[in-house]
Amino acid sequence: MNTKTPTPGINTLLTHCGNDPRDFFGFVNPPVVHASTVLFPDAATMAARDQKYTYGTRGTPTSDALAEAIDALEGSAGTIVVPSGLAAVTVPLLTFLSAGDHVLIVDSVYHPTRNFADTMLTRLGVEVQYYAPEIGAGIASLMKSNTRVVFTEAPGSNTFEMQDIPAIAKAAKQWGAVVMMDNTWATPVYFRPLEHGVDISIHAATKYPAGHSDVLLGTVSANAEHWPKLLATHHTLGACAGPDDVYQVLRGLRTMGVRLERHQQSALELAHWLEGRDGVARVLHPGLESHPGHAIWKRDFSGASGIFSIVLDGGGTEKAHAFLDALTLFGLGYSWGGYESLAVHVWLGDRTVAKKDYGGPLIRLQIGLEDVADIKADLQRGLAAAGSG
C-alpha cells in the first residue's frame with residue numbers, strides 16, 4: 001500500500017503555503033507585524049540573541065510567511081524579501097561579486113539590471129561582459145578564471161529570446177561560477193530554476209505574485225550551498241521590505257495560479273491572432289511555434305505568462321505612437337503582471353552583442369484579465385491607426 005503523501009497541485013500549494021493558521025489562533029492569514037524593536041526576556045538572552053526574532057530588519061512572522069511560501073514554490077533552502085524587483089537583482093550581485101571579479105550577463109537583460117552593472121558594479125571594480133541570449137553551452141568560451149557570476153534571464157526582456165538554462169548552468173558550474181536567473185516572466189509556477197542548475201532565483205514580486213499594480217517587492221531564493229552568504233548580505237545591507245507590502249504579496253500568491261492561467265490563455269490566443277493581422281510583421285512569444293526558442297520553452301517550461309511583443313510592419317517612432325495613442329483599453333505604462341492590459345514602445349538602444357534590426361517598431365504587450373474580444377478590438381484600433389499614417 002502506498003502511504004506516501006501525494007504532491008499537491010500548484011493551486012493547492014499556492015492556497016496553503018507559507019503559514020499555518022493554527023500558529024495564529026486559527027486566523028486564516030498571518031498577522032501583519034510592524035516591528036523595529038523586539039524585546040528580550042532577560043539580559044542573558046539579549047546578549048546571546050537566543051530567540052527567534054531579534055530586530056525588525058531580521059525577519060518577522062509576516063516576512064517569514066512569505067519567504068516560506070516562496071521556498072515551497074521554488075524548492076529553495078531560503079528566501080530573502082526585499083523592497084523591489086530591482087533590489088532582488090542588486091542584492092545577490094553584491095553578495096557574490098567583489099572587485100576584480102568578472103560577471104557574464106545576458107544581453108537581453110532587464111534594463112535596470114544593466115544600468116546597475118554598468119554603473120555600480122563597474123565603479124566597484126567588477127568586469128562586466130554581456131553575452132548573446134542564444135549562446136547555450138557556448139558560454140564556456142567566455143568564462144574566465146575570475147568569472148564569479150553568470151546572470152541569466154529567460155525569456156529576455158522585451159524581445160523574449162529563450163536561453164538554454166541547463167546548458168549554461170552546466171558550463172558555468174565547471175568554472176565554479178554562481179548562476180543567477182531572473183525568473184519573473186514564468187514565476188515558479190511555470191519554471192523552477194533551481195531544478196535546472198540555477199543557484200539563485202530572482203523575482204520581481206511586484207509583477208504576478210502581487211498582481212494588482214499597487215505593490216513593489218522582490219524575492220531572492222537560493223539553494224543550500226549559497227543561502228548562508230545571501231542571508232548574511234541581506235542582513236548587512238538592511239534591505240528589508242515593509243510588512244504591509246509583504247502581506248499584500250502573500251495575499252496575491254493565493255490567486256496567482258488562476259490569474260496566470262487566464263493571462264496565459266488570453267496572451268496565447270492573442271499572439272496567434274496577431275500573427276495573421278495586417279500591420280504585424282512578427283510576434284515575439286516563445287509559446288508560438290514560429291518563435292526560434294520555442295523548442296527550449298516547450299522542453300523546460302510548463303507554461304507562459306501574459307507578456308510578449310509584436311513588431312509592426314515597418315515605420316518608426318511616429319507609427320509606434322500612432323498605435324499606442326489609438327488604444328483605449330490598454331494603459332500606457334511600465335511594469336506588468338497586474339490585472340490590466342498595458343502597452344509600451346520598446347527601446348533596444350542598450351544592446352551590445354545582441355543588436356538586431358527588427359524592421360519596425362517593437363510594442364510590448366501585457367495582456368490583462370479583460371475579455372479577449374475586447375482586447376482584440378482595442379489592438380485592431382491600434383493597428384488601424386498605425387496603418388493609416
Side-chain angles (χ1 to χ4, degrees), residues 108 111 133-134 154-162 185-186 260-298 301 303-351 354-389:
S108 55
H111 177 72
E134 302 86 358
S157 283
N158 297 322
T159 45
F160 300 93
E161 300 92 341
M162 289 302 302
W185 183 86
L260 272 171
E261 186 176 354
R262 175 60 180 267
H263 285 297
Q264 172 180 228
Q265 180 182 8
S266 296
L268 278 171
E269 180 177 342
L270 288 161
H272 282 288
W273 176 77
L274 283 162
E275 277 197 307
R277 309 314 296 175
D278 290 339
V280 178
R282 290 181 62 190
V283 179
L284 308 179
H285 189 313
L288 297 178
E289 292 184 0
S290 59
H291 190 281
H294 178 73
I296 291 177
W297 172 81
K298 191 172 183 179
F301 287 62
S305 60
I307 183 169
F308 63 95
S309 288
I310 62 173
V311 181
L312 298 181
D313 186 13
T317 298
E318 185 176 350
K319 187 169 186 176
H321 286 190
F323 175 88
L324 294 173
D325 289 341
L327 300 174
T328 60
L329 188 63
F330 280 77
L332 307 186
Y334 297 104
S335 196
W336 40 274
Y339 56 85
E340 80 287 22
S341 291
L342 298 171
V344 64
H345 182 201
V346 171
W347 175 72
L348 299 177
D350 58 351
R351 301 287 175 93
K355 289 181 177 294
K356 184 176 181 179
D357 182 5
Y358 284 88
L362 266 75
I363 306 294
R364 191 185 72 186
L365 301 173
Q366 135 79 7
I367 305 303
L369 302 179
E370 303 95 343
D371 290 311
V372 170
D374 296 325
I375 300 176
K376 284 182 179 178
D378 206 35
L379 291 171
Q380 190 60 57
R381 277 190 290 270
L383 291 172
S388 65

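No hydrogens, no waters, no symmetry mates; every other heavy atom, side chains included, goes into these values.
Side-chain contact between His111 and Ser157 is absent, with no heavy atoms from C-beta onward closer than 4.5 Å. No side-chain heavy atom of Phe301 sits under 4.5 Å from any side-chain heavy atom of Ile296. Residues Leu288 and Val283 have side chains in contact (heavy-atom distance under 4.5 Å, counting atoms from C-beta outward). Two residues are said to be in side-chain contact when any heavy atoms from C-beta on lie closer than 4.5 Å; Leu348 and Tyr358 meet this criterion. Under the 4.5 Å side-chain criterion, counting only non-hydrogen atoms from C-beta, Leu379 is in contact with Leu365. The side-chain heavy atoms of Leu342 and Tyr334, taken from C-beta on, include no pair separated by under 4.5 Å.
In this structure a side-chain-to-backbone donor-acceptor pair under 3.5 Å is present from His291 to Phe160. Between the side chain of His294 and the backbone N or O of Pro286, at least one donor-acceptor pair lies under 3.5 Å. Judged by distance alone, the side chain of Glu161 and the main-chain N or O of Ser108 form no donor-acceptor pair under 3.5 Å. Under a 3.5 Å cut-off, the side chain of Lys355 and the backbone N or O of Arg351 do form a donor-acceptor pair. The main-chain N or O of Val346 is never found under 3.5 Å from a side-chain atom of Asn158 such that the two would form a donor-acceptor pair. Looking at Gln366, its side chain does come within 3.5 Å of a backbone N or O of Gly337 through a donor-acceptor pair. Judged by distance alone, the side chain of Trp297 and the main-chain N or O of Met162 form no donor-acceptor pair under 3.5 Å. At distances below 3.5 Å, not a single donor-acceptor pair connects side-chain atoms of Arg364 with backbone N or O atoms of Thr159. Judged purely by atom type and a 3.5 angstrom limit, Asp378 has no side-chain atom pairing as donor or acceptor with the backbone of Leu327.
Between the CZ atom of Arg277 and the CG atom of Leu270 there is a distance of 11.0 Å, given to the nearest 0.5 Å. For the atom pair NE2 of His285 and OG of Ser305, the computed distance is 7.0 Å after rounding to the nearest 0.5 Å.
The pair Arg381-Asp374 fails the salt-bridge criterion, with no side-chain N (NZ, NE, NH1 or NH2) lying under 4.0 Å from an Asp/Glu carboxylate O.
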Working for side chain to side chain contact (heavy atoms under 4.5 Å, CB included), residues Leu312 and Leu383: CA-CA 8 Å; Leu312 298 181; Leu383 291 172; 4.0 Å; yes
